[in-house]
Every structure is written in structure tokens, then in C-alpha cells.
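Have a look at the structure below before the remarks.
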Protein chains: 2
Amino acid sequence: MIEKRLETSILLGIYEAAIKLVSKNVEFVQKAGLSNQQWIILIHLAKDPNLPYLIREKHDKPMMASELALSLGVTRANITNLLSVLMDKKLVKQIEDKDDRRIKRLTLTPKAEKMISEMSPERMKSNEMHLKGFTKVEKEQFLVLIQKITQNIINDKS
Amino acid sequence: MIEKRLETSILLGIYEAAIKLVSKNVEFVQKAGLSNQQWIILIHLAKDPNLPYLIREKHDKPMMASELALSLGVTRANITNLLSVLMDKKLVKQIEDKDDRRIKRLTLTPKAEKMISEMSPERMKSNEMHLKGFTKVEKEQFLVLIQKITQNIINDKS
DNA sequence: TTTAATAGTTAATATAATTAACTAATTTTC
DNA sequence: GAAAATTAGTTAATTATATTAACTATTAAA
């Protein structure tokens, strides 16, 4: 018999929320013909200021594949695959970095920029719906706490 | 240029926390030779009272595959595959329901019960670490809010 | 200047998940 | 009560997702 624990309930709660998000929220993403991962990559390249990774680390230059791998928690090889699909779709371009010739900077094509801005209203509406019934203060508090939890998880080198 | 939005930051925050959880938290799960999905199934069958799905719906009888599919947000066919691996590992057993002969009830073997209870201390320690620095009140509030968000996502039939 | 580390790719493979078609059993509807 | 619809689970084929290991090229560190 497993006992009830506040901490366990919270972590399983976060996990389930994420599952439901990707399996339902994706409507506006699916409509655009994108997988969840592809969408996440695109908003990284669009420098969406809501992305935790971009909140934590400043980014002046365009992103590179290894940073995406870090943020998404997958291997670089996997990112290579994902990017090749996005390049086939003419949504992403690679540009060689002159300062460090190992690096390829990733940028969105005009087509992708347009796509993202057209998706924006639906995305905003959907996200607002998912936080229906919350006060501004509650939202602000929640954001602080979820960031703290993520930081704890990242810091835990056990 | 995508604008900063509290709602978007929160949802991306939840998503990232879940990613980091499954790609790091899994230490005690990996040690047991289980995938994340396999582990989640086992705690469902163990009736872990911290599982959102079991918090929402009462379950007197042992679970069945289609309930797992619902809770995990995957197809029944996928659950069939996952279960067959767990049965090969002698961790899960199927028992036919006498009242409704379409149904197969899923139960843990003694081996699985033992495994889960042996994993319990490490699991609790890990979960507590991830909520380090939170007061009890903060945890309680957070739990309420994450449950509310999940409910919003589920209810959203858009 | 050798050695080590980093960035990205490739090929082979493994894992995870889906769709579609199917059987069997139960429920609903007329 | 019989036909139609729904539900539970499985199977087979396929697709999507991700990994590991080996490799090239480049840069940084010793």
C-alpha cells in the first residue's frame, strides 16, 4: 500500500498536466501539420520569451542544435533528425557561424515566421482557457513555484 | 516577436518540468530496469493514491487496460504492448472478469509488489528533494492549482 | 603541439506509438 | 427479442521518435 504524500501528488500532477497538454493542447499545432517537438523547436528559434530555457539563459545570437538538445532533454543526433524534417519543410535554415566554424546557427524562414504569427491568436486563446478561473496573483505565484521545482530537479545530481 | 504572457510561461514551465522529471527523476526507475511508462503503469496497478487519475475516479476493482490508456493518454493497442512486456517480466497478471467477459483485470505479482515497496524509500527521498524549500502551505496551494489546470485542459473540448 | 573537448552528422538500431482491421462480449434501440 | 451500436482487447503493419557508436571538423586546454 503506497501512502499519500503531498510531494508525490504534486509531481505526478505535473506529469499528468504535461501529458494532457501535449495530447490535447496540440490542436492548433496539429492544424499546422507539426509534431509537438517540431513546434517546441520553432518557438525556441523564434526566441519565445516564455520558454524556461530562454528565461534562464540570455541568448543574443541565434540558437544552435546542441542548445536545443539541452533544452529539450534529447540527444544531438535526435535534434539533427528533427531539424532535417523542419528544413525539408522550409521552416528552418542553418547558417554557419564565422567565429566558430563548428557551429551552425539556426534561424526561421519567413514562411515559419508567418506561420507562427498566424498561429498566435489561437495559441493565446488556448493558453488562456487552460488558466481559466485563476487570479493574476495566483498565476504569478504558480509560475514562481513551477520554476523553483524545475530548478530543484535540474540541480539534483543524485 | 512573441510577447511575454503569464499563461504561456506557466504552461511551458509545466511542460519543461515534466521533461526534466522523466529525463532525470528516472534514476530509481532505471535502476529497477523499467521505462518511465512501465513504472507509471505499475503504480497505477498498485493504486498509488497520489495518481491524479485515481484521485479523480474511485476504483474498487483492479484496473483494466482501457483505463490505463485513458490515464496515460495513449491508445489501447499501445497499452497491450506495454503490458505484454510487463507480463514477460512477471510483474503483471491478467485475470478475467466474471461479470463482464470482455474485461481483463490487471494485478501486480508478488514480485512487483516487493519491487515497488523496495523502491519506495528512494522514490520518497527523490520527490522530497524536488520540493525542497517549499512550505507545507505552498505545496498544498500548488497541488490545488495544478489539479485545476489539468481539469481545465481536460474540459477544453475546443 | 599533443590532448581533450565541442558541434554536428551518419548509419544502424531500438523503443514507442499509431492506425486499421478483427473477435468477442455487452448494451442500446427499435 | 433481434439487429445495431458500443466496448474491451488483440494483432499486424507501419510510422514516429529516439538512442548509441563511430566519425569529421574545429576549437580550447595542457
Side-chain angles (χ1 to χ4, degrees), chain A residues 15 18-24 26 29-30 32-42 44-45 57 59 61-89 92-107, chain B residues 15 18-20 22-24 26 29-30 33-42 44-45 57 59 61-89 92-107:
Chain A
Y15 179 69
I19 288 176
K20 300 299 179 195
L21 254 185
V22 296
S23 71
K24 300 209 76 183
V26 205
V29 175
Q30 279 179 328
L34 298 170
S35 74
N36 186 63
Q37 291 285 63
Q38 290 170 348
W39 166 245
I40 296 290
I41 288 179
L42 290 184
H44 271 84
L45 303 190
E57 6 238 314
H59 267 276
K61 294 185 185 174
M63 292 190 77
M64 53 195 200
S66 55
E67 291 169 335
L68 284 176
L70 215 66
S71 181
L72 304 203
V74 297
T75 59
R76 278 174 302 146
N78 190 13
I79 295 290
T80 300
N81 292 336
L82 289 164
L83 285 176
S84 83
V85 175
L86 289 170
M87 289 190 288
D88 288 347
K89 294 188 179 204
V92 170
K93 260 191 313 205
Q94 288 180 324
I95 299 171
E96 297 188 2
D97 189 312
K98 321 155 214 334
D99 298 343
D100 185 338
R101 301 189 34 233
R102 289 171 300 185
I103 296 171
K104 294 175 181 171
R105 299 284 168 188
L106 300 164
T107 58
Chain B
Y15 179 68
I19 289 177
K20 301 296 179 197
V22 296
S23 71
K24 299 209 78 180
V26 204
V29 175
Q30 280 180 328
L34 298 170
S35 75
N36 186 62
Q37 291 285 64
Q38 290 169 348
W39 167 244
I40 297 290
I41 288 179
L42 291 184
H44 271 85
L45 303 190
E57 6 238 314
H59 267 278
K61 294 185 186 171
M63 292 190 79
M64 53 193 197
S66 54
E67 292 169 334
L68 284 176
L70 214 67
S71 181
L72 304 203
V74 297
T75 59
R76 277 174 303 147
N78 190 13
I79 296 289
T80 300
N81 292 335
L82 289 164
L83 285 175
S84 85
V85 175
L86 288 170
M87 289 190 289
D88 287 348
K89 293 187 179 205
V92 170
K93 261 191 312 205
Q94 287 180 323
I95 298 170
E96 298 188 3
D97 189 312
K98 321 154 214 338
D99 298 342
D100 185 338
R101 299 187 36 234
R102 291 172 299 184
I103 295 172
K104 294 177 183 171
R105 300 283 168 190
L106 300 164
T107 58

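Each chain gets a letter, A, B and so on, in the order the sequences are listed, and its residues count up from 1.
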Take the protein atom CG of Leu34(A) and the nucleotide atom P of dT17(D), then report the distance between them rounded to whole Å. 11 Å
Using whole Å, report how far CG of Leu70(A) lies from P of dT6(C). 12 Å
Can you give me the N/O atom pairs linking the protein to nucleotides 27-30 of chain D at distances under 3.5 Å, or say none if there are none?
unit_1  : atom_1 : unit_2    : atom_2 : d
dT27(D) : OP1    : Arg101(A) : N      : 2.8

Might you work through the side-chain contact (heavy atoms from CB on, under 4.5 Å) test for Gln37(A) and Val74(A), ending with a clear yes or no? CA-CA 11 Å; Gln37(A) 291 285 63; Val74(A) 297; 4.2 Å; yes
Identify which nucleotide among dA18(D), dG9(D), dA17(C) has an atom closest to any side-chain atom of Asn81(A), counting heavy atoms from C-beta outward. dA18(D)
Heavy atoms only, 4.0 Å cut-off, all strands: where does Gln38(A) land among base, sugar-phosphate and nothing? nothing
Using a heavy-atom cut-off of under 4.0 Å over every strand shown, decide if Thr80(B) touches base, sugar-phosphate, or nothing. base
The side chain of Ala77(B) is closest to which nucleotide in this list: dA21(D), dA20(C), dA8(D)? dA20(C)
Between CZ of Arg76(A) and C1' of dA25(D) the distance, given in whole Å, is 13 Å
Stems for DNA chain D (at least 3 consecutive Watson-Crick or G-U pairs, under 3.5 Å) come to C:1-30 with D:1-30
Pairwise side-chain hydrogen bond (donor to acceptor under 3.5 Å, both in side chains) hits with a residue in residues 66-89 of chain B, at least two apart: His44(B)-Ser71(B)
Tell me what Gln94(B) touches on the nucleic acid: a base, only sugar-phosphate, or nothing, going by heavy atoms under 4.0 Å. sugar-phosphate
Measure from the side chain of Ala65(B), starting at C-beta and using heavy atoms only, and say which of dG9(D), dA18(D), dA17(C) lies closest. dG9(D)
Out of Leu68(B), Leu72(B), Val29(B), Leu82(B), which residue meets the side-chain contact (heavy atoms from CB on, under 4.5 Å) rule with Ile40(B)? Leu72(B)
Is Asp100(A) paired with Lys61(A) through a side-chain N to carboxylate O contact shorter than 4.0 Å? no
Separation between CD1 of Ile41(B) and CG of Leu34(B), rounded to the nearest 0.5 Å: 10.5 Å
Check every strand shown and say whether Thr75(A) touches a base, only sugar-phosphate, or nothing at a heavy-atom separation below 4.0 Å. base
